[in-house]
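Note that this is a predicted model, so its numbers are computed, not measured. In what follows, chains are A, B, ... by sequence order, proteins preceding strands, each numbered from 1.
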Amino acid sequence: MAYWLLKSEPDVFGWKDLLALGTAGEEWHGIRNYAARNNMRAMVVGDRGFFYHSNIGKQIVGIVEVSRTSEPDRTTDDPRWDCVRVRAVTGFARRVTLDDCKRLPGLENMVLTHNSRLSVQPVTPEEWRIICGQGGVVL
DNA sequence: GCCAACGTTGGC
DNA sequence: GCCAACGTTGGC
């Protein structure tokens, strides 16, 4: 299983919005960046991802699961762009901030801390373990 | 609200 | 294929 990090501005679509959709989840549409799209194309059903609130909060707030693999993004006519479907799995007992990620040992190379613009990012198993521990998530 | 970083576009 | 111009993102 691979691990990812998905960003969203919480005033547009936040963790509570995803939670409200339950097991149906949400299509992760609107991605218009090749690197982010390629990361989505690499996802398989069952992969897990962190849900990150950008701009407001700047923190990881929960865990999502990929529930459907990449398919064309119906919100555009441009055939280049895809989306996956994700659903909420569990919220963090303690949210893990961007500052935490910059500070914690073992996260020095995390994409989040040095390519802040990439909206769908890979996360290594070690990074996943550290952040889940920090977030109070029992693996 | 500003601006640096980054990606994309399009003229050549 | 290069690169200047432009647009967007997101931290500050």
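Put simply, CD1 on A/Ile31 is 15 Å from C1' on B/dC6, counting in whole angstrom units. Rounded to whole Å, the distance from CG on A/Leu118 to C1' on B/dA5 is 13 Å. Taking atom CG on A/Asn39 and atom P on B/dG7, their separation rounds to 12 Å, with Å as the unit. Atoms CZ (A/Arg117) and C1' (C/dC12) sit 15 Å apart, rounded to a whole Å. C/dT8 atom C1' lies 12 Å from atom CG of A/Asn55, rounded to whole Å. The distance between atom CG of A/Asp100 and atom P of C/dG11, rounded to the nearest whole Å, is 14 Å. Atom NZ in A/Lys58 sits about 9 Å away from atom C1' in C/dG10, given to the nearest Å. Rounded to a whole Å, the CZ atom of A/Arg32 is 18 Å from the C1' atom of B/dC6.
Using a 4.0 Å heavy-atom cutoff across all strands shown, A/Leu98 reaches sugar-phosphate atoms only and no base atom. At the heavy-atom level, A/Asn33 lies under 4.0 Å from the strands shown only through sugar-phosphate atoms.
By the 4.5 Å heavy-atom criterion applied to side chains, A/Arg32 and A/Thr76 are counted as neighbours.
At least one side-chain nitrogen or oxygen of A/Tyr52 sits closer than 4.0 Å to the OP1 or OP2 atom of C/dG11.
In this view, A/Arg48 and A/Glu65 satisfy the salt bridge (Lys or Arg N to Asp or Glu O under 4.0 Å) rule, not counting sequence neighbours.
Within a 6.0 Å sphere centred on CG of A/Asp78, other residues, nucleotides and ligands contribute more than 12 heavy atoms.
In summary, the aromatic rings of A/Trp81 and A/Tyr34 are positioned with their centroids under 6.0 Å apart.
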